[in-house]
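Worksheet for the structure shown next.
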Amino acid sequence: MFAGCQVTLRELRTEFMSVRVRFAPSPTGQVHIGNIRAAIFNWLFARHEGGSFLLRIEDTDLERSTPEAIATLLEVMEWLGLDFDEKPPLYQTSQVQKHLAAAERLLAAGDAYRDAKGGGGEAVVFRIPFAAERIPGVSSVGTVDVPVHPEVPVQVSGKGVDYAGISKKGTPAPGGCCLAGCLDLQVLDAAEQVLFTLAGKEDAILRDGAEFSVPGAAKLRFTRRVISYHDEVKGDMSKPLDSMRDVVIVRSDGSPVFHLANVVDDITQGITHIIRGDDHVENTFRHIMLFSCLGAAVPTYAHLPMIVNAAGKPYSKRDGDAFVGDFRDNGFVADALFNYLSLLGWSPGDDREKMSRQELTAAFSLSRVLHASAQMDIQKLTNLNGQYIAEMPADEFLAVSREWLKRYPWAAAVSDSQLQAVGALMQSRVKRFADLEQWSYFFVDVPEYDEKVCAKQLKDPVVRAALQAIPALFAALPDFAAAGIEGAIQAACDQTGLAHGKLNQPLRAAVTGSGVGAGIYETVELLGRERTLARLKIALERY
RNA sequence: GUCUCCAUCGUCUAGUGGCCUAGGACACCGGGUUUUCAUCCCGGCAACAGGGGUUCGACUCCCCUUGGAGAUGCCA
């Protein structure tokens, strides 16, 4: 009677359990653009689903995980508006006992073993389960033959099967897999004679540590099993077990390895969806097994494509300009960066690009995330940033500007009214707040003169004559306002036979030192009569 | 080497077999508005990596090639 009512575990989960996602950075002092994009997608997904966005600080690298580094991380997240639920965040170092207990449990269940292969003491190694069928997603796909190089003996032990494959040149190429990868292994020679059969020897190998060395083999024959899962962005993914090896989960110094810590913490935090970078896809197969062996439900995975630099390579720690803090320090607006980053590897499906957080949240879906890596385009970001700045209410723009100007000594004494006047003239011209550096000519006594611009604009003798006429004309102005200033400048042109407007750029060069800026009449008004005349004098002497 | 992915203008992307003469955005190049610059408006340049299939029909599906990335750690 319930036919047609079947639901998968995943559907059940999305149906009845609220979504819980996490951002799990290791605090290294600087937050990488690729990392924060992962955080943004997690945040967007959680907010879209009405679920929880958790923060876990993977601070197990004691050398790099300083309090300052953690503070930087928190600060950057706050700046971008990535508010997380369930404070305080989970610090991974506080979970070590839990990680170790999990390793003990795996050991007790026979899903892990100790191995002294490296230096020091014994490490704990997770064994890809022999009875892999108990892991969701594992299936057999048929018998395969793997050629091996006859000069190198095939080694079979509890740690797996080691053999040499055959390279294109015919030389031995190192190969090997976990024991579970080739459950019913047979080792054959060139004449198809069976040299070794794994069946029946499992106990001896696993329990008693028996090891076998089979020389003269030509091929391995076994039933291939693959582990598959559905990735919310990449689709169906699978990997043969015989391409996997057992994985170290506790180092010989007793510290838990990433794979263990990560999975245990995800279980602890009740994570339902793991949304992370592409570079973790391979780990996923192993993590799924860990979840299962630890008796936990496997979460839903979604792997995001990477953000790459102009050379097409993933940003490395050396790409200094890819840190979130650097974007802030260059005058990018948090909302603009957030907006831009959300559009890297994702789009709403229509032509919208400038989107508010509400719009992004409403439109976000993992199924629209792209599969290919994306290259960051600073020019497009800058353009978007300019749009955000242009649309800022004037008082907000002034508040941010005021804050930004603190870094320039020449802006120390700027009054609110001055700032307001300059802001009104300049807001539409600002792409990044770093551009405010060019506002200095409004406030200093003598501007920095652009040699080329000034030399060019102040060369013509007629122009110079007209500029010489300006002081007297300005002096005659009853009030020093844009309209009157314009009239005076035109009068200077008339006196010297210059067409109206031809004096504007030379005057700009002389009083601002620059070739670009807001309207010159308004600029001169702002500068005031005295400063304008003083600069005019200096410029004419200098050029 | 092996494994896992990926591939549309320079860049970000739309495109789920006929709406594609492939759309939008940034950048770039023209033109207009403006006293310069910016804004704004109009226009232009520019892409389905290559080769095979499947199909009446392929950017879309399949295969191969090429190119790229990641993984293959007692890093995370």
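Everything numeric in this text was worked out from a predicted model, so none of it was measured. Chain letters run A, B, ... following the sequence lines, proteins first, then strands; residues in each count from 1.
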Produce a footprint string for nucleotides 30-51 of chain B: one letter per nucleotide, 5' end first; B if the base is under 4.0 Å from any protein heavy atom, S if only the sugar-phosphate is, - if neither. -----BBBBS------------
With the sugar-phosphate defined as primed atoms, P, OP1 and OP2, and the base as all remaining atoms, what B/S/- string results for nucleotides 7-15 of chain B, 5' to 3', for protein heavy atoms under 4.0 Å? S---BBSSS
If pairing requires Watson-Crick or G-U wobble contacts with both distances under 3.5 Å, which nucleotide is the partner of [N]?
| N | answer |
| --- | --- |
| B:C19 | none |
| B:A76 | none |
| B:G43 | B:C29 |
| B:U4 | B:A69 |
| B:U54 | none |

Partner of A:Tyr543 under side-chain contact (heavy atoms from CB on, under 4.5 Å), chosen from A:Gln457, A:Glu451, A:Lys459: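 Answer to the side-chain contact (heavy atoms from CB on, under 4.5 Å) test with A:Tyr543 among A:Gln457, A:Glu451, A:Lys459: A:Glu451.
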Take atom CD in A:Gln490; do more than 12 heavy atoms of anything else shown fall under 6.0 Å from it?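 For A:Gln490, atom CD is crowded (more than 12 foreign heavy atoms under 6.0 Å).
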Report the distance from atom CG of A:Asn339 to atom P of B:A25, rounded to the nearest whole Å.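 One finds 16 Å between P of B:A25 and CG of A:Asn339, rounded.
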Answer whether the closest heavy-atom distance between the side chains of A:Ser140 and A:Arg225 falls below 4.5 Å.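 They are in side-chain contact.
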[atom1] spacing across the pair [N] / [M], given as an integer number of angstrom:
| N | M | atom1 | value |
| --- | --- | --- | --- |
| B:C19 | B:C59 | C1' | 14 Å |
| B:A46 | B:U11 | P | 16 Å |
| B:U60 | B:U39 | C1' | 40 Å |

A:Phe285 vs A:Arg251, nearer the 5' end of RNA chain B by closest nucleotide: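 Result: A:Phe285.
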Which donor-acceptor pairs under 3.5 Å do side chains of residues 498-505 of chain A form with protein atoms, sequence neighbours excluded?
{"unit_1": "A:His500", "atom_1": "NE2", "unit_2": "A:Asp494", "atom_2": "OD1", "d": "2.9"}
{"unit_1": "A:Asn504", "atom_1": "OD1", "unit_2": "A:Tyr521", "atom_2": "OH", "d": "3.4"}
{"unit_1": "A:Asn504", "atom_1": "ND2", "unit_2": "A:Gly501", "atom_2": "O", "d": "3.4"}
{"unit_1": "A:Asn504", "atom_1": "ND2", "unit_2": "A:Tyr521", "atom_2": "OH", "d": "3.3"}
{"unit_1": "A:Gln505", "atom_1": "OE1", "unit_2": "A:Arg508", "atom_2": "NE", "d": "2.8"}
{"unit_1": "A:Gln505", "atom_1": "NE2", "unit_2": "A:Gly515", "atom_2": "O", "d": "3.0"}

Using a cut-off of under 3.5 Å, enumerate the N/O to N/O pairs linking the protein to nucleotides 18-22 of chain B.
none

Determine whether the aromatic ring centres of A:Phe397 and A:Tyr388 lie less than 6.0 Å apart.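 No: the rings miss the under 6.0 Å criterion.
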Using the 3.5 Å cut-off, write out each protein N or O paired with an N or O of nucleotides 59-62 of chain B and the distance between them.
none

Can you pull every protein N or O that's under 3.5 Å from an N or O on nucleotides 70-72 of chain B?
{"unit_1": "B:G70", "atom_1": "N2", "unit_2": "A:Glu282", "atom_2": "OE2", "d": "2.6"}

